Amino acid sequence: MSDAVSALGGVSFDGIARIEECGLQGMITLRGDLSDQALAAAVTRATGQKKLPEANRARVAGESGVCWMSPDELLLLVPYEEVGGRLEALVAALKDSHALAVNVSDARAVFRVTGDAAREVLAKLAPVDLSRDAFQPGRFRRTRLAQVPAAFWMEEDESFRIVCFRSVADYVFKLLKVAAQPGSKVGVL
Amino acid sequence: MSTRLPSHGRLIDRSAQVTFTFNGATMRGYAGDTLASALLANDRMMVGRSFKYHRPRGVVASGAEEPNALVGLGQGNRFEPNQRATTTELFDGLTAVSQNHWPSLDFDIGAVNTALARFLPAGFYYKMFIHPQPFWKHVYEPFIRKSAGLGRAPDSEARDADTYEHFHVQTDILVIGGGVAGLLAARNAALSGARVLLIEQTAHWGGRAPVDGGTVDGAPVDKFVEQIVSELETMANVTMRLRCMGAGVYDHGYALGYERLTDHDPDAPGPRHRLWRIRARRIVTATGAIERPLSFAGNDVPGVMLAGAMRDYVVNWGVAPGRRVVVATNNDDAYRTAITLKQAGVDVVRVLDARAAGGGALMEEARSLGIRVDPGRAIAKVSGGKRVKKVAICNQDGIGGAREDLSCDAVAMSGGWSPVVHLWSHCGGKLAWDEDRAHFRPDPDRPPLGADGRGFVVTAGAASGALALDAVLDDAAAAGKAAAKAAGHSPRRGKTPRGETTPEAAMEPVWLMPARADTPLRMKSWLDFQNDVKVSDVQLAAREGYESVEHTKRYTTLGMATDQGKLSNINGLAILADALEAEIPKVGTTTFRPPYTPISMGAIAGEARGEVFQPIRRTPMHDWHERNGADWEPVGHWRRPFTYLRPGETVHDAVNREVKNTRENLGLLDASTLGKLVVKGPDAGRFLDMMYTNMMSTLKVGKCRYGLMCSENGFLIDDGVVARIDEDTWLCHTTTGGAEHIHAHMEEWLQTEWWDWKVHVANLTEQYAQVAVVGPNARKVLETLGGMDLSKEALAFMEWKDGRIGEFDARVYRISFSGELSYEIAVPASKGQAFWDALIEAGRAFGVMPYGTECLHILRAEKGFIMIGDETDGTVIPQDLGLSWAISKKKEDFLGKRAQQRSHMTDPNRWKLVGLETVDGSVLPDGAYAVGEGVNANGQRNTVGRVTSTYHSANLGRGIAMGLVLNGPDRMGEVLEFPGTDGTVFKAKIVDPVVYDKDGEKQNV
Amino acid sequence: MRHYSAFAVAREALRHHTGWERAWRSPEPKRRYDVIIVGAGGHGLATAYYLGKNYGIQNVAVIEKGWLGGGNTGRNTTIIRSNYLQDPSAAIYEKSRSLYEHLSQDLNYNLMFSPRGVMMLAQTQNEVRGYKRTAHANALQGVTTEWISPQRVKELVPIINLDGPRYPVLGALWQARAGTARHDALAWGYARACSAMGMDIIQQCEVTGVRSDNGHVKGVETTRGPIDCDKLGIVVAGHSGVLAEMAGFRLPIESVALQALVSEPIKPCMDVVVMANTVHGYMSQSDKGEMVIGGGADGYNNYTQRGSFHHVEETVRALVETFPMISRLKMLRQWGGIVDMTGDRSPILSKTPLGGCFINCGWGTGGFKAIPGSGWGMAQLMATGHSPLTEAFTLDRFAEGRFIDESVAAGVAH
Amino acid sequence: MLILRCPYCGNDVDETDLAPGGEAHIRRHGPGSTDAELTDYLFQRENPRGVHFERWRHAAGCGKWFHAARATDTLQVFGTYSAQTTEPPQEIRDAITKARPGWSWREFS
């Protein structure tokens, strides 16, 4: 529907890396037994992925995918407009398992950080080893950006997608702008 | 006088002249100068005043250990006090001012303290200024405060013009120090394939080696530096940073790097400082060594300088601190200075070698250059006020009877070298006393321990106590390999570069010069140049029983200056040991604490300033509130409108307007901040029965129930409406800001106590924008939007329903926190603004107004509803608040039930909730206490109750309040006295807390 | 005891200060004392001092495993205030504050007590309510405090930033007679006075065991041999748990690291103490000119006297926001101390399950200000078996659920 | 500045992503317990100078609670393990014994 708006309406900033708010992204939080075949089947069906990601990894293609959140939690990505239907199908498929699937599309904001200094921009804010040996495409990490919880994963090299709570989207965007300010390239990652 | 030499100056670019000012005077230097070298080149010998006696102070060192040459740097929003001239790179337009004097550097009233010095020994203030009692605060202290302190404070309204940032990095090995030892250790570590981060505090690689000379594998040492630097630069697993100081070493391999990005180029873009938060498997400290001064009378006169520093000024910056120099030493290294000076054309008047037998090969070399050397001789006294004029010499083994006067304008002194052990010690590394070199060095057998219980710091080169070039290289090579191995890599074999340098004769410790200097000389022999601590002061402390080195330090302030004792610690320690007739290692050292040298507060704060100082959580309608006059109130990290101000309105007017309008027409509240937790699973009901004092498992699907949560300690921690969504799903509302910690609270119990229960919890707080539509017109406005049936029959009080309202998918809760007809409606957050707009639009016909938190408080107070944080404060149990009805009697157990059975909790004399009505209709002051009879054993007035909420009710036209009162519910009608803080006394009658629509007719329509 | 005065200093100056005697003796332990105090920190020494001064009990030993005053007495940020909410707290802290006013004269040792005023900023509506409530309570407790406006705050603290983008200053609770003192001097002054009364201060002597006989204390084992006593006072802050175990009882205490830091010295720019509890930081300027800064404590057990650096970051960030001009000052030194936290964050001054054995601990992050009052009350408790100052601070309050919770009005208490 | 390995997501986590949760393996005492048991449960703590068992939550990460065996005098970490247990597993105890022979904590050693 036209009147649905993302937290910051798609703002962007160009510094030592490019920062952009990605707009609305369908998201489903799924808690349950990840070793349950029924669950795996339902998830792959809902997200178009062949299989579930291993721990600390994301399997994402465009607006669809799955991120490993914890041993009993996944974050499913689906196109925003389709989240209702996908969720219904998921809930139906899981009606016999002890699982919780809820729509969190509107509770989150999504950013993309790109450029050869993207690693460094994140390394200024998160206590995570973002060196090339340690953090490669597909790697997913839940941590903090400065003072708020956030999660990010690497798409192709030099591009990260960040998910945070909608209420702090403005804070996170301003943080990323400071971290990406011109002249602040570290030149080590 | 001190001047620029025609020769030497490996670090300066004579083709690039730089202009700067010192105390307003314009001076010139070269690119590559430090402020200190430039000042000396301009014959600026005296650069400041000491802390206590305001004595003239000149540059004594050439690096981070400098205690004297501190200046105020920059102007306005870039002014910074106490900047060390020796570590300040010169740049064009630099402005510096000297410190701690009035009216001027050369003429300073405070210098009168020098004359009084004898009356101001260590700790004098503990023995004086005792009477009369008020004088300390009003007379003595203001004077002392004025004369104390060093640099001028930045202006009150100064706002730092620069930005700062942090940077997280992990590495296998961190090497701190880019001298030959650090470079070689880094290379050997890197050859194993380990990730290596090498940081150096100055702007140059190589440290002292190029100044001290010597050869490596036959080539001059500076060539070796060039070659190994370029080798490291080609290694992909090596990161190198100049101007990045190892500031501190912390537990579990954490270290701080303090990078100064634009201090030498203030107009460059980007942050000024970057604080590196480093995690290293192993840390190599190649932090070098610091030369010790000699303790002789007048060793603080400007022009008296460390021998190594004087050598630096000649070799690195082409500056001669004097024309006629006397050298005093107890070791061979100082001869290098004598030789360097001589070769640079400076007249070396005499070398006074305290050792009876003099030195070795270097002494012979000096003599061969025609320098006169007097073995067994010492400095009795240096004369000169603002700069050295002459030196009286005597036998070292004596009391100081002068034999001869030497006229000179500078003195180079060397008491031997001490390894820089700070970073080794920060995290608990222990030291060993080296008898031969008379210094403390790291004890490899007692390193700081890491998370794995093994040592995680290795020292390299001079930092290990290896002072000669060959020993430095051997030690560093081994350190690099050891670190790599410990970090889980296999170091490569390969030969260690062979260092060669003139062999040195043994040094002899000289703690006092001359050895048996009499008291008047000892009272003029400085240990701590900045804080004015003298040999006699330490001896006094020992005499008075301040025997612990910590006592002595604190009593005399030895080592508490901005250099943190880099020059004074060992000398002071030796004097103390001598006074106690104890061995130096027995006396021990004071604790080394981070940072190695002071680091800016800005760098520590990092990016967190101004707009991003702390997160501000915003609801989907935040901007609308902002545009419509919201007077914000911080609630946790959220901001909620306290009220909406219209042009010309006071806050009080606005609140009253909102209150009346909501009762009479229609009010809208942004309730999005309320926590919304979904709890699902076969055991969810059982779980919620433990979480809440109420019975939640029996709640019917489609119904809502108000619930209370207590801590295991029995106290009320949160409340909110719980809705049963389906057979095994509940939705729990929490207070604003309660969402996160109640969510965590639930997860804690599920994960750590009842992990076999089948329950999942998810926090949906931000998925929904929630709006409370409140007032007599609430149903009307929703009906005009169209959609679901919200009639009394279709949705009764305390029921919820999913459906559509106008264009919107919504979940509607028929609940009321105001006593009015009220619907709380949740829509997806992304549509929150659109939904709010629709309500405002449709509401115009019904007199809609948004209302803020203060109106919300008043409406609920009129109904006697409690508010977490007002009626509760962490010491209140539900029973105190007349909420026993919400505590299930049927349940065997719930969190807090057992705790509420303790004697104090069941005490019939607890204060209980009542309404309070002032006799004259006025508003009771917030937090006022009701007084009882008499006073307690401590003479405090006895109290019988207190106000928990108090407001002006626009509806009732008078003040209303709630409070907790001793046996309150049994004392209806009784009048209590509440003294204000200004002497006035308020009288209020105990009444029922519900003062508006007792029978709830309005909310049930 | 040789009297200290300007005259004495002048007289000594003439002979180059060679005539000063020891501030305290350092004797060999006797076989037996009437009272043994374990711990020669401020609280222990003050307890001994008032035992002698108020009750004539002078056959006392104060046993210290390190050096006197070497623990938290010499590591804190020296703030002295009594604007507490709960009656028992206000009583003991106000007693303490009032003793501080004349302590320099009493001990003939200049503690540099400086009643420069302490203010606690209110930056949220909750804090406004909390501090107004405290002001009302204080008025009835005989503690002089007042609620002041933002404008008055700015007059008193010109360097403050009243309306930072995050938390505007809405007012403050102001105690004009509160202030600071020289922390080491407090321990040294008491030690000198105790020693002059004939008490033995035995440093470098560690207690290794507590000896008792059917439920009553008999003495202690130490690294310098056994010492007998009739009464034992355990006053060892962060190490209370260890001593309590020796005495055979447990404590509701956890030891955690609390950190503080100072800037380089600058000329006077801030005359009062400011505490900002919403953002967790407080700052004052020492007579030396250093900005003295403290904040929150670590959340895990720790005996290393080293804290986690992120607490320093949080504190400094809060203060740079509150006092922007400090941004270009530099941190000279940071350090940590081990503080003993109780279940309700209030201290324990109490009899114990072991007869004749008393304990004084749990001062957490705010013990320095309480030292004279704590010593006064503890001495009364040990000498007479009862003290109104200490009666609320018993060990058994935890079993009864009778807590003394100060967090009600203020986030962190210092 | 501690680093602990979260046994649930396997990451070595910086202290700033963790929330400390106090002493581990404390048995809950609800209705029916004595005042002494309740006080022990709520307030009495081991607070040892040495080997200690404690609770942490990977708060800014996978959200899971876990246990850590740590020394409070050196901050050495002997190991981290599941929160779903009432006592330290054998391999953790062995690791401690290796580093600190003769250790004991409550009834464990």
Side-chain angles (χ1 to χ4, degrees), chain A residues 1-7 16 24 27 29-32 72-73 80 84 98-109 120 122-131 133-134 145-149 165-172 174-175 177-179 181-189, chain B residues 163 165-171 195 197 239 241 261-262 268-271 274 277 279 606-608 611-612 614-620 622 637-638 672-673 678-682 728-729 758-769 807-809 827-835 837:
Chain A
M1 279 187 298
S2 58
D3 52 11
V5 290
S6 68
I16 61 170
L24 293 166
M27 292 188 218
T29 286
L30 173 62
R31 295 197 62 178
D72 64 356
E73 181 177 348
Y80 183 80
H98 167 46
L100 170 67
V102 284
N103 179 359
V104 293
S105 314
D106 306 281
R108 309 280 168 82
E120 292 184 348
L122 284 183
K124 291 176 185 184
L125 305 172
V128 173
D129 185 352
L130 281 143
S131 61
D133 352 358
L145 291 183
Q147 299 171 58
V148 295
F165 281 111
R166 182 184 178 108
S167 65
V168 293
D170 178 67
Y171 168 77
V172 167
K174 285 172 176 157
L175 268 184
K177 280 200 301 186
V178 175
Q181 70 174 293
S184 69
K185 206 162 167 180
V186 186
V188 303
L189 292 183
Chain B
T163 63
E165 71 181 21
H166 294 160
F167 184 64
H168 298 88
V169 63
Q170 308 209 0
T171 183
R195 283 194 291 172
L197 172 59
T239 303
R241 302 301 276 198
L261 293 157
T262 64
R274 176 181 294 132
R277 294 160 157 172
R279 285 285 190 185
E607 83 292 331
E611 283 188 309
V612 290
Q614 268 187 17
I616 293 178
R617 297 180 69 183
R618 304 152 63 96
T619 72
H622 186 97
H637 277 171
W638 293 99
S672 307
T673 57
V678 62
V679 180
K680 177 176 187 284
D728 62 359
T729 312
K758 286 181 154 16
V759 182
H760 287 306
V761 182
N763 182 356
L764 293 185
T765 302
E766 298 201 19
Q767 172 63 17
Y768 301 103
E807 284 298 288
F808 303 88
D809 294 322
V827 301
S830 306
K831 295 174 185 161
Q833 186 58 60
F835 183 60
D837 292 340

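Everything numeric in this text was worked out from a predicted model, so none of it was measured. Chain letters run A, B, ... following the sequence lines, proteins first, then strands; residues in each count from 1.
Heavy-atom pairs under 4.5 Å with chain B peak, among A:Pro182, A:Ala126, A:Ser131, at A:Ala126. Across B:Arg277, B:Arg279, B:Arg241, B:Arg618, the residue that shares the most heavy-atom pairs under 4.5 angstrom with chain A is B:Arg618. For the set B:Gln833, B:Lys758, B:Lys680, the count of heavy-atom pairs under 4.5 angstrom toward chain A peaks at B:Lys758. Among the candidates A:Leu100, A:Asp170, A:Val168, the residue making the largest number of heavy-atom pairs closer than 4.5 Å to chain B is A:Leu100. Chain A forms more heavy-atom pairs under 4.5 Å with one residue of B:Asn763, B:Thr171, B:Asp837, B:Val761 than with any other, namely B:Val761. Contacts with chain B were tallied for A:Ala107, A:Gly183, A:Ser6; A:Ala107 has the most, counting heavy-atom pairs under 4.5 Å. Comparing B:Gly681, B:Gly606, B:Pro682, B:Pro271 by heavy-atom pairs within less than 4.5 Å of chain A, the highest count is held by B:Pro271. Here B:Val759 is the residue among B:Thr765, B:Thr262, B:Thr673, B:Val759 with the most heavy-atom pairs under 4.5 Å with chain A. With chain A as the partner, the residue from B:Ala769, B:Pro269, B:Pro615 showing the most heavy-atom pairs under 4.5 Å is B:Pro615. Ranked by heavy-atom pairs under 4.5 Å with chain B, the first of A:Arg31, A:Met27, A:Lys174 is A:Arg31.
Heavy-atom distances place the backbone of A:Ala99, and not its side chain, under 4.5 Å from chain B. Proximity to chain A is absent for every atom of B:Ser672, based on heavy atoms less than 4.5 angstrom apart. With a 4.5 angstrom heavy-atom cutoff, A:Val186 touches chain B via backbone and side-chain atoms both. With a threshold of 4.5 angstrom between heavy atoms, B:Thr239 approaches chain A through side-chain atoms but not through N, CA, C or O. In this structure, the portion of A:Val128 lying under 4.5 Å from any heavy atom of chain B is its backbone and not its side chain. There is no contact between A:Ile16 and chain B, counting heavy-atom distances below 4.5 Å. Both the backbone and the side chain of B:Gln614 come within contact range of chain A, judged by heavy atoms closer than 4.5 Å. For B:Ala834, the part lying under 4.5 angstrom from a heavy atom of chain A is the side chain only. Of the two parts of A:Val102, only the side chain, counted from C-beta on, holds a non-hydrogen atom closer than 4.5 Å to a non-hydrogen atom of chain B. For a residue to count as touching a neighbouring chain, one of its non-hydrogen atoms must lie under 4.5 Å from one of that chain's; by this rule A:Asn103 touches chain B with backbone and side chain alike. Contact of B:Arg274 with chain A is made through the side chain alone, with heavy-atom distances under 4.5 Å.
Scored by the side chain to side chain donor-acceptor pair (under 3.5 Å) test, A:Lys124 finds A:Ser184, B:Glu165 as partners (sequence neighbours excluded). Partners of B:Ala608 by side chain to side chain contact (heavy atoms under 4.5 Å, CB included), not counting sequence neighbours, listed by chain and number: A:Gln147, C:Arg317.
At a threshold of 4.5 Å between non-hydrogen side-chain atoms, the residues A:Thr29 and A:Arg108 count as touching. For the pair B:Val612 and A:Tyr171, the minimum side-chain heavy-atom distance is below 4.5 Å.
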| query | So B:Lys831 and B:Glu807, salt bridge (Lys or Arg N to Asp or Glu O under 4.0 Å) or not? Walk me through it. | reply | CA-CA 10 Å; B:Lys831 295 174 185 161; B:Glu807 284 298 288; over 6 Å; no
| said: As a quick check of understanding, evaluate side chain to side chain contact (heavy atoms under 4.5 Å, CB included) for A:Val104 and A:Phe165, giving each step before the final call. | reply: CA-CA 10 Å; A:Val104 293; A:Phe165 281 111; over 6 Å; no
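Taking OG1 of B:Thr729 as the start and NE2 of B:His760 as the end, the distance is 11.0 Å to the nearest 0.5 Å. Here the CD-CG distance, from A:Glu73 to A:Leu30, works out to 8.5 Å after rounding to the nearest 0.5 Å. Atom CZ of A:Arg166 and atom OG of A:Ser105 lie 11.0 Å apart (nearest 0.5 Å). Distance CG/A:Asp129 to NE2/B:His168: 11.5 Å, rounded to 0.5 Å.
In this structure a side-chain-to-backbone donor-acceptor pair under 3.5 Å is missing from A:Glu120 to A:Lys185. The closest donor-acceptor contact from the side chain of A:Ser167 to the backbone of B:Thr619 lies at 3.5 Å or more, if one exists at all.
Ring planes of B:Phe808 and B:Phe835: perpendicular class, angle over 60° (limits at 30 and 60°).
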